[in-house]
Amino acid sequence: MLWETIMLALQAILRNALRSFLTVLGVVIGVGAVIAMVTVGQGSAVQVTADVEKLGTNIVMVMPGQDAMEGGPGGTASAQFTLRDNDRLEEQMGIVDIAAPIAATRARAVFGNENRRTDIVGTDNRYLEAANWEVARGRIFELAELQSGRAVCVLGETVRKELFGASDPVGQTIRIKAVSCEVIGLLQSKGASTFGSDQDDFVLMPLRTFHRRVAGNSDVTMMYVSVREGVSTDRAKQEIETFMRDIRRIGQGEEDDFTVMDMKQVATMLSGITDILTGLLAAVAMVSLLVGGIGIMNIMLVSVTERTREIGIRLAVGAQANQVLMQFLVEAVVLSLIGGLIGVILGLTFGYIGAQVLAVPFAPDPVIILIAFGFSAAVGVVFGYFPARRAARMNPIEALRHE
Amino acid sequence: MSDAPLIDLRKITRVYGSGASEVRALDNVDLTIDDGEFVAIMGPSGSGKSTALNVIGCLDSPTSGEYRFCGTEIASLTRDQLALLRRHYLGFVFQGYNLLARTSALHNVELPLIYKGLSRSERLKAAHSALAKVGLEHRARHDPSELSGGQQQRVAIARALVGSPRVVLADEPTGNLDTKRSIEIMEVLQGLNRETGLTIVMVTHERDMAAFADRLIWMVDGRVERDEQIGKAA
């Protein structure tokens, strides 16, 4: 009997080809749009995470201050670090491979008629090593320059392009605030980060030069720490935290006045942004789902009269209400399944194309597929089934006369 | 069971609506119809003749009164049991044909047999022979929209016959047809009654058509006013 019912439903689907097509179309639009959009959105999120991991899972950043918000350093009231803190971290901690001191500010770099507002970073060669910067032209700092605080600088690619265009910057002098600074080297471009920020937009100078001639103090605003291979970042963070509490003499029960952050946290912060993006896409997709649902609803309600009469006929020739209902239910389920299947295939196809175009990984989410599918199927079943149920409960003659 | 009349209505009343808008479509109708009769029910519009037919066909339930079909009290049956009764004992022909749209004549005729649980080949065989009985075997593959009114009604008759019912109930079967087609339809019904002893109850408002029956019931205001044997009662 079930087989018979399925055959009946299939006959009815073929017989009402237009109605079936429109119902299927509604499901396809809803399911397809959601899957395509969410797949692309999730792909971007995966990409962000992957990029952050590429930045270095062995990198830990230590900053003064503690923000109540997770991973957000802030409070300027906390004492800054000193070069000594940085060097002790590097020398005394076995798990630390390199610790690079960083002090930075925003300022304008000027050459001739060209100028650019950029990050002025005081550091030493350890940073170049820890952050994997390659020299494109010229050289890095010499020990004498670092120790004496000579006015020399190394440019990021963006600054070079802005200030020098086609000409060779090495040997030229640029001005930063009141400091005239000789360009000794040029770094290989790293390009834009996944998050769109330009990684090449900075000028490096010896930390001592920066302290004396730009900042006017000897603060280290961040320590850029590369952890030895094989040491987990969680362990590194914990040990660094303990070490820092010790050298900063923070008593038991007192809060840290610094923040240790690894790239995973940075990733979490940033993936918050991509989550918003994904949410936005999902919202658009939900509208499509709704539109598809309304389409299904429409076509089902429009055909209610005809369906009611059909039910009347079937009841009159001896069908039992449950048999009729089962037929309509199977019909609705079959249509939803067909539509859902096509929708999933189309959604994944467009999701794949979208991922290719945006150069992000193809990351379909089975949960979303199920939700989209379930919603459309539910709409199809509810609006296909409930009018049928009402009709099947009527006296056959009422159903036959339905207008 | 053999001594009970096939159809036995006692004090059947059917009321639609309530209060001021109450309509008494049937008012204490007593009526018996025996196996093999060809009965025509006539009456002015609103006289309750269609309601009577629907009650007899278990498509509508009376407000009060007792209806026995083959000795079985209908009021005691569930909806599903009524469906079974229609499935096995009754066939319907409606004024508006009530065929399934976009469905070939053959599959329309096959419909009642699906619910009888016959195999596909049995169903198609029976549907073909029912169509042959009404002279439409050459139209089996056509949809209702491709058939004339008379042909559609003959398909509906074939559908009513295909399940070998005890009774065929016809509600103005010629209501939408011209005289020539009407007479064709009536000849088909009369032939079935004469040749196979099929019981037929037909509502009509045309005296010419009623003349094909053996018995004429005249209804006015929900009551049976006259009940007479007519023509060449066999």
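Proteins get letters first, then strands, A, B, ... in listed order; numbering begins at 1 in each.
Residues from residues 97-112 of chain B that place a non-hydrogen atom less than 4.5 Å from a non-hydrogen atom of chain A comprise B:Asn98, B:Leu99, B:Leu100, B:Ala101, B:Arg102, B:Thr103, B:Leu111, B:Pro112, given in numerical order. Interface with chain A: from residues 53-61 of chain B, residues B:Asn54, B:Leu59, B:Asp60, B:Ser61 qualify, criterion being any non-hydrogen pair under 4.5 Å. Chain B is approached within less than 4.5 Å, heavy atom to heavy atom, by A:Arg15, A:Asn16 from residues 14-23 of chain A, ordered by number. Applying a 4.5 Å heavy-atom cutoff, none of the residues of residues 129-152 of chain B approach chain A.
At a 4.5 Å heavy-atom cutoff, A:Glu398 makes no contact with chain B through either its backbone or its side chain.
Side chain of A:Gln320 to main chain of B:Asp80: a donor-acceptor pair is present (N/O by atom type, distance under 3.5 Å, no hydrogens or angles).
Atom OH of A:Tyr385 has more than 12 neighbouring heavy atoms from other residues, nucleotides or ligands inside a 6.0 Å radius. Enclosure of atom CZ in A:Phe362 by more than 12 non-hydrogen atoms of other residues, nucleotides or ligands within 6.0 angstrom is indicated. The environment of B:Met42 atom CE is dense: over 12 non-hydrogen atoms of other residues, nucleotides or ligands sit within 6.0 angstrom.
Between chain B and the options A:Leu315, A:Asn322, A:Ile397, the largest number of non-hydrogen pairs under 4.5 Å is found for A:Ile397.
The nearest pair of heavy atoms linking B:Arg79 to A:Asn395 is NH1-N, 4.4 Å. Nearest heavy-atom pair across B:Phe94 and A:Ala316 is CZ-CB, 4.2 Å. When every heavy atom of A:Ala319 is checked against every heavy atom of B:Arg86, the shortest pair comes out as O-NH2, 4.5 Å.
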